[in-house]
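Just below is one structure, and these are the notes that go with it.
All residue numbers refer to positions in the sequence shown, counting from 1.
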Amino acid sequence: MGEIFAGLPWWVKWIAVPVIALVVFGGLIATVVGFVFYLLFKVLLFVALVGGLVYVVRKFMSSSSSRSDW
């Protein structure tokens, strides 16, 4: 592969080839990145909901136990 790019100018290697790759595979890259962000959002939402549930249950349990002490 290095032999193919050996005689070409630097801008072909570092600008033209990546731009062509983005044009050709741009939709696929956008789909993969979008799916990763969607999955990350779902995981963070799940963690926040479970954390909120644990907080509410602990708060409820501590307040009910303190009432029974009276």
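Side-chain heavy atoms closer than 4.5 Å link hydrophobic residues (I, L, V, M, F, W, Y) into clusters, and following such links, even through other members, never connects Leu22 to Trp14. Residue Met61 is grouped with residue Leu53 when hydrophobic side chains (ILVMFWY) are merged at heavy-atom distances under 4.5 angstrom, including chains of intermediate members. Hydrophobic clustering (ILVMFWY, side-chain heavy atoms < 4.5 Å, transitive): Phe25 and Val33 are in one cluster. Connection of Phe5 to Ile15 is established within a shared hydrophobic cluster, with ILVMFWY side chains joined at heavy-atom distances below 4.5 Å, either directly or through further cluster members. A continuous path of ILVMFWY side-chain contacts below 4.5 Å connects Val17 to Trp10, so both sit in one hydrophobic cluster.
One distance of note links CG of Leu49 with CG of Leu44; it measures 11.0 Å at 0.5 Å rounding.
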